[in-house]
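Notes follow once the structure below has been shown.
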Amino acid sequence: MEETGRKPTAHLPLAPDTVVVSSGRPPREHDAPVNPPIVLSSTFHGSGPVVDGDRAYGRYSNVSWDPFEAALAELEGAELPALLFSSGLAAASAAMELVPPGGVLVIPRHAYQGSLVMATELAAKGIFELRVVDIAETEQVVAALAGVSVLWLESPTNPMLEIADVPALVSAAKAANPEAVVVMDNTFATPLVQRPLAWGVDVVLHSVTKYLAGHSDVVLGALVTSNAALRAKLLHHRSIHGGIAGPFEAWLALRGLRTLALRVERSQASAGILAERLLGHPGVEAVRYPGLPSDPGHQRASAQMVGFGSIVCFQVPGGEAAATEVVDRLALWTPATSLGGVESLVERRRRHSNEPRTVPENLLRLSVGIENVEDLWADLSQALGAVQDRLGS
Ligand SMILES: *Cc1c(COP(=O)(O)O)cnc(C)c1O
């Protein structure tokens with residue numbers, strides 16, 4: 001692993017909320033910087049043979065990626081440095097190439113829309129067979145695993161917040177094919193809430209754009225694995241397909257990561273409060289949040305996660321028009337796609353033409369930020385009340 005800039009201590013391993021602050025620091029030398037520098041160099045000194053993993057050239061490796069790659073690996077409990085990519089989908093593209101030609105990819109019907117579109121297009125070209133499943137229905141997933149090459153997991157799913165029985169699905173995939181690779185998109189939960197490698201997942205995927213960077217100012221992705229052979233394939237993909245991060249973006253991601261624990265703590269607490277209040281609001285038809293005891297995923301989430309994440313979804317009576325009106329009436333919540341930033345966002349997911357038809361038209365997704373929860377609730381409640389009054393009159 002990379003030099004962390006910490007002195008070796010007797011009390012390692014450190015807690016995750018310490019790791020986000022202390023990992024990925026430059027070595028402790030007199031007058032050395034406390035933060036890693038941004039290194040702007042497209043090429044590196046060398047005259048010997050070049051192999052994958054060598055610094056050599058700015059598409060293979062970059063000094064500015066190292067601190068973030070070391071910190072994320074430590075957070076996910078990986079034995080090898082993470083791999084930073086230009087976006088979450090660039091990382092997904094590398095992970096999806098782990099399906100061999102003619103192989104089988106099993107994916108949740110509510111996986112991230114971009115991952116689903118990518119899988120559907122590759123399958124349509126005949127590159128592999130695609131099996132789309134309801135990831136919360138363990139028996140249905142197990143039945144689809146015959147000959148599986150890659151099992152793609154997401155939990156909670158986007159935006160339906162279904163919870164997969166991850167340990168059971170990992171064992172079932174390995175039983176169906178000992179060579180099977182399990183990839184898990186851990187963007188929604190973050191490594192502070194669940195650590196998929198500990199369940200036997202082979203590769204963890206992140207849209208770093210979201211919680212890890214946390215300020216809605218960069219687009220980045222990452223893959224994490226402890227399997228050296230898989231990491232070599234993924235690194236090769238990055239080097240050859242070229243989906244690499246810029247040095248400044250990598251620096252911003254590490255800068256954002258420093259406050260991840262505080263941000264997640266605050267936004268999760270607020271999400272729990274808002275979900276409860278939405279559930280009791282007469283202008284709300286249904287609420288999805290794994291933290292609610294009434295939620296179908298509650299039991300699994302309680303067993304698997306430390307907290308329940310900061311995404312809350314709900315439906316309003318009155319269909320698409322009423323849902324859009326709620327969004328338009330919100331003054332503090334920002335109407336925008338994406339999630340995981342310090343500012344609270346709201347979106348009617350079906351405004352995207354390729355959102356699965358199983359996502360209701362009147363479903364709103366909240367990405368709860370770190371503002372004062374009473375201000376967030378006051379805004380939601382005025383918008384819901386106004387729409388409800390209009391529908392009732
Ligand atoms: C946003 C997102 C992605 C894609 O990441 P980009 O950084 O936008 O390319 C993948 N998975 C999930 C769960 C996401 O939310």
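For ligands, and for the atoms within them, numbers begin at 1 and follow the listed sequence. Because the structure is a prediction, the values reported are computed rather than measured.
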- Looking at residues at least two apart in the chain, or sitting in another chain, which of them share a side chain to side chain donor-acceptor pair (under 3.5 Å) with S239? none
Report, one line per pair, each donor and acceptor closer than 3.5 Å where one atom sits in a side chain of residues 306-322; sequence neighbours left out.
| from | atom 1 | to | atom 2 | distance (Å) |
| --- | --- | --- | --- | --- |
| S310 | OG | S267 | OG | 2.8 |
| S310 | OG | Q268 | N | 3.4 |
| Q315 | OE1 | R288 | NH2 | 2.9 |
| Q315 | NE2 | N362 | OD1 | 3.2 |
| E320 | OE2 | R348 | NH2 | 3.4 |

- In chain order, what residues pass the ring-ring contact (aromatic ring centres under 6.0 Å, His included) check against F128, with sequence neighbours excluded?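 With sequence neighbours excluded, F128 shows a ring-ring contact (aromatic ring centres under 6.0 Å, His included) to no residue whatsoever.
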- Query: Can you find a pair of side-chain heavy atoms, one from W377 and one from D379, that are under 4.5 Å apart?
  - Reply: no
- Message: Tell me whether E69 is salt-bridged to R238, with the criterion being a basic N under 4.0 Å from an acidic carboxylate O.
- Response: yes
Check each N or O atom of ligand 1 against all protein N or O atoms and list the pairs under 3.5 Å, with atom names and distances to 0.1 Å, one per line.
| from | atom 1 | to | atom 2 | distance (Å) |
| --- | --- | --- | --- | --- |
| ligand 1 | 5 (O) | S207 | OG | 3.0 |
| ligand 1 | 7 (O) | G88 | N | 2.9 |
| ligand 1 | 7 (O) | S207 | OG | 2.8 |
| ligand 1 | 7 (O) | T209 | OG1 | 2.7 |
| ligand 1 | 9 (O) | G88 | N | 3.0 |
| ligand 1 | 9 (O) | L89 | N | 2.9 |
| ligand 1 | 11 (N) | D185 | OD2 | 2.6 |
| ligand 1 | 15 (O) | K210 | NZ | 2.7 |

- Residues H110 and T358: side-chain donor-acceptor under 3.5 angstrom: yes
